[in-house]
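In what follows, a single structure is set out as structure tokens and then discussed.
These values consider heavy atoms only, across backbone and side chains, with no hydrogens, waters or symmetry-generated copies. Note that ligands are numbered from 1 as they come in the structure, with each ligand's atoms numbered from 1 the same way. In this text the structure is predicted, and so the values were computed from the model without any measurement.
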Amino acid sequence: MKKSISGITAGLLAFSLTACGKKSDSDTIKIAYLPITHSLAVLETADELAEKTGLQVELVKYGSWNELMDALNSGRVDGASVLIELAMKSKEQGIDLKAVALGHKDGNVIVTSENINSPEELKGKTIAIPHRQSSHNILLNDALSKAGLTTDDINITELAPTEMPSALAGGQIDGYCVAEPFGAKAISLNAGKVLFESAELWENSLCCGLVLTDKFIKENPENAKTFVNSYKQAGKNLTKEKALETAEKYLSQEKEVLELSLQWISYDNLDITEEDYNILTEKVKSYGLSENPPSYADFVKNDF
Ligand code: ZN
């Protein structure tokens, strides 16, 4: 008799532990990303949070910005590491999103064939960008403006990042600007050279942002706060060595490509300042990416 009571008690105890220990859906945050060095802070956060708190980051990998934006805009994910201009465009079109941090600082290059030595020599050339709504498009415009040129003076083509190094090597394009490590890839293939690093064209440039849906922030304020603060700390933890380790874990790229690429990028302070954001919105307007980008107050949430 005694034995069967303890059996029942043990069974109940086991049942209640299972019930209490089970994580609710809101303790998982689904974040979309592309396998690029620009998303390393979110990949690092996922690793660190799983060890330290009950909040799980479910990383959802996409192959293109369009697929990722579909998932974000339709609410299939709670947030994303994404080109900030794409998120701004969604916000402009009525999707409720907030940019809560930068993806990275600097970290872009304009790569060209060896025979192009100045921005003047971009005239008449074919240059690839990943998307019209990107800082890569802005950086290309910045480079052209150094020579008094505009995008009317070149042929712009949109290509998938993975195709760009081979397109340059094969002569189909004369240069490109895209998320890393695809610039570094061309250098390692001896297919081109760095014409400009982003900081030479646009100091404190914005590129990718970490965005969350308003729905997630509203329904999970504590988890949103934990996630964003952990994310910013994870950025600080991404030394060159740690960044290389995380990149090797998540991106299928050779070590030498990653090592070169990581020289151009940092993650140490991922706050979006109003001053830097306003420079971005001016560029977005002057280069024709958007006439009416969202204001800092409407789009950036910096008070977690
Ligand atoms: Zn970026």
Side-chain angles (χ1 to χ4, degrees), residues 31-45 59 61-69 72 79-90 97 99-111 128-143 158-162 164 176-185 194 196-211 231-232 234-235 238 243 246-247 250-251 253 257-258 260-273 276-277 279-281 283-284 287 289 293 299-300:
I31 300 289
Y33 77 103
L34 258 57
I36 51 180
T37 60
H38 294 194
S39 62
L40 284 188
V42 90
L43 303 173
E44 174 67 15
T45 311
L59 295 168
K61 182 162 87 173
Y62 288 91
S64 74
W65 291 121
N66 288 339
E67 287 172 277
L68 179 144
M69 286 311 294
L72 184 64
S81 180
V82 62
L83 299 175
I84 197 162
E85 295 84 357
L86 280 173
M88 288 160 77
K89 199 50 137 179
S90 287
L97 297 172
V100 297
L102 294 174
H104 56 93
K105 296 182 82 171
D106 301 320
N108 286 298
V109 291
I110 294 182
V111 175
I129 53 172
H131 201 289
R132 196 170 115 81
Q133 298 299 331
S134 69
S135 290
H136 309 103
N137 187 11
I138 293 176
L139 288 163
L140 178 58
N141 273 274
D142 282 340
E158 288 185 12
L159 272 186
T162 49
M164 292 188 192
Y176 61 88
C177 185
V178 72
E180 283 294 312
F182 298 103
K185 181 89 182 169
V194 175
F196 288 110
E197 290 187 25
S198 49
E200 297 175 85
L201 298 167
W202 173 9
E203 215 181 324
N204 297 325
S205 57
L206 278 69
C207 174
C208 298
L210 176 68
V211 301
Y231 174 87
K232 289 182 180 175
L238 279 173
T246 306
Y250 287 100
L251 318 183
Q253 297 289 344
V257 171
L258 294 170
L260 172 61
S261 184
L262 291 171
Q263 289 176 20
W264 302 324
I265 196 166
S266 65
Y267 308 89
D268 55 339
N269 181 358
L270 299 179
D271 285 332
I272 305 175
T273 70
D276 291 342
Y277 183 79
I279 292 170
L280 169 67
T281 55
K283 285 178 184 283
V284 156
Y287 293 142
L289 278 68
F299 181 57
V300 179

- Distance-minimising heavy-atom pair for Leu102 and Tyr231: O-OH, 2.8 Å
- Task: Sort by chain and number the protein N/O/S atoms found under 2.8 Å from the Zn ion (ligand 1).
- Result: His38 ND1, His104 NE2, Cys207 SG, Cys208 SG
- Message: Test of understanding: with side-chain contact (heavy atoms from CB on, under 4.5 Å), list the residues that count as partners of Ser81, not counting sequence neighbours.
- Response: Ser39, Val42
- Who are the side chain to side chain donor-acceptor pair (under 3.5 Å) partners of Asp106, not counting sequence neighbours? none
- Message: Under a 4.0 Å threshold between the charged nitrogen and the carboxylate oxygen, would Asp271 count as salt-bridged to Lys232?
- Response: yes
- Report the residues that fulfil side-chain contact (heavy atoms from CB on, under 4.5 Å) with Asn204, sequence neighbours left out, ordered by chain and then residue number. Asp276
- Message: Any heavy-atom pair between the side chains of Asn108 and His136 that's under 4.5 Å?
- Response: yes
